[in-house]
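What follows is a single structure, written as structure tokens, with notes after it.
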Amino acid sequence: QGQLVESGGGLVQAGGSLRLSCIASGRTFSSKSMAWFRQAPGKEREFVAGISWSGQTTSYADSVKGRFNISRDSAKNTVDLQMDRLKLEDTAVYYCAAVSDGQNWYSIRPVDYGYWGQGTQVTVSS
């Protein structure tokens with residue numbers, strides 16, 4: 001069993017920054033690819049950023065590339081998402097996730113992830 005808990009969400013003005021953190025407990029996730037997803041009201045949950053088990057490979061949605069940075073500290077069992085130059089369209093609930101047991105790589109499909117946090121709200125105001 002394992003749990004993921006996000007923190008760091010809040011209200012920020014457009015152009016500002018937030019840093020989201022995801023801390024795992026109950027087990028180590030150091031061998032799992034992980035990702036951040038987000039979901040805005042009335043929209044599908046969408047992939048934001050992914051990171052390999054080693055932290056050496058990352059990928060980003062085109063909408064956030066160059067503005068967001070995903071990182072991890074396997075020893076601390078944490079995954080962070082640094083969000084800079086936030087835009088109104090970044091408003092969403094942000095979730096961290098780890099791939100299902102037995103899967104070796106991250107994907108953009110939520111169905112491939114077996115572990116999810118409860119989400120943290122990010123609201124960007126004008």
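Predicted model, so just to flag it, every value in this text is computed and none were measured.
- The aromatic rings of Tyr94 and Phe68 sit tilted relative to each other, their planes meeting at an angle between 30° and 60°.
- In the hydrophobic clustering of this structure, Tyr95 does not group with Val79; members are Ile, Leu, Val, Met, Phe, Trp, Tyr whose side-chain heavy atoms approach within less than 4.5 Å, directly or through other members.
- Tracing side-chain contacts under 4.5 Å through hydrophobic residues (I, L, V, M, F, W, Y), one reaches Leu18 starting from Val48; they form part of the same cluster.
- Residues Phe37 and Trp105 share a single hydrophobic cluster, defined by chaining ILVMFWY side chains whose heavy atoms lie under 4.5 Å apart.
- A donor-acceptor pair shorter than 3.5 Å can be found between the side chains of Gln82 and Asp84.
- Atom CZ in Arg72 sits 4.5 Å away from atom OG in Ser74 (nearest 0.5 Å).
- Rounding to the nearest 0.5 angstrom, the gap separating the CZ atom in Arg67 from the OG atom in Ser17 is 10.0 Å.
- Tyr106 and Asp112 are not linked by any side-chain donor-acceptor pair at a separation below 3.5 angstrom, with hydrogens and angles left out of the test.
- Without hydrogens or angle criteria, Gln118 side chain to Val5 main chain gives no donor-acceptor distance under 3.5 Å.
- Under the 3.5 Å distance criterion, the side-chain polar atoms of Glu6 are left unmatched by any main-chain donor or acceptor of Thr120.
- Few gaps surround CD on Gln121; more than 12 heavy atoms of other groups in view lie less than 6.0 Å from it.
- The two residues Ala24 and Leu4 have their closest heavy-atom pair at CB-CD2, 3.6 Å.
- Separation of atoms NZ (Lys32) and CG (Asn77) is listed at 11.5 Å; rounding is to 0.5 Å.
- Between Lys65 and Asp62 there is a salt bridge, since a side-chain N of the basic residue sits under 4.0 Å from a carboxylate O of the acidic one.
- For the atom pair Trp116 CH2 and Cys96 SG, the distance stands at 9.0 Å (nearest 0.5 Å).
- Here the closest heavy-atom approach between residue Trp36 and residue Leu81 is recorded as NE1-CB, 3.6 Å.
- Follow the hydrophobic side-chain contacts under 4.5 Å out from Tyr115 and you reach Met34 in the same cluster.
- Considering all non-hydrogen atoms of both residues, Pro110 and Ile108 come closest at CD-O, 3.5 Å.
- When all heavy atoms of Ala92 and Arg38 are compared, the pair lying nearest together is CB-CB, 3.8 Å.
- Under the 4.5 Å side-chain criterion, counting only non-hydrogen atoms from C-beta, Met83 is not in contact with Val12.
- Asp80 and Ser21 make their closest contact through OD1-OG, 3.1 Å (heavy atoms, listed as atom of the first residue, atom of the second, distance).
- For the atom pair OG1 (Thr123) and CG (Leu11), the distance works out to 6.0 Å, reported to the nearest 0.5 Å.
- Here the closest heavy-atom approach between residue Ser126 and residue Leu88 is recorded as N-CD2, 3.5 Å.
- Phe29 carries Arg27 over the face of its six-membered ring, with the cationic atom under 6.0 Å from the centre and within 45° of the normal.
- One hydrophobic cluster holds both Tyr60 and Leu20 under the rule that ILVMFWY side chains link at heavy-atom gaps under 4.5 Å.
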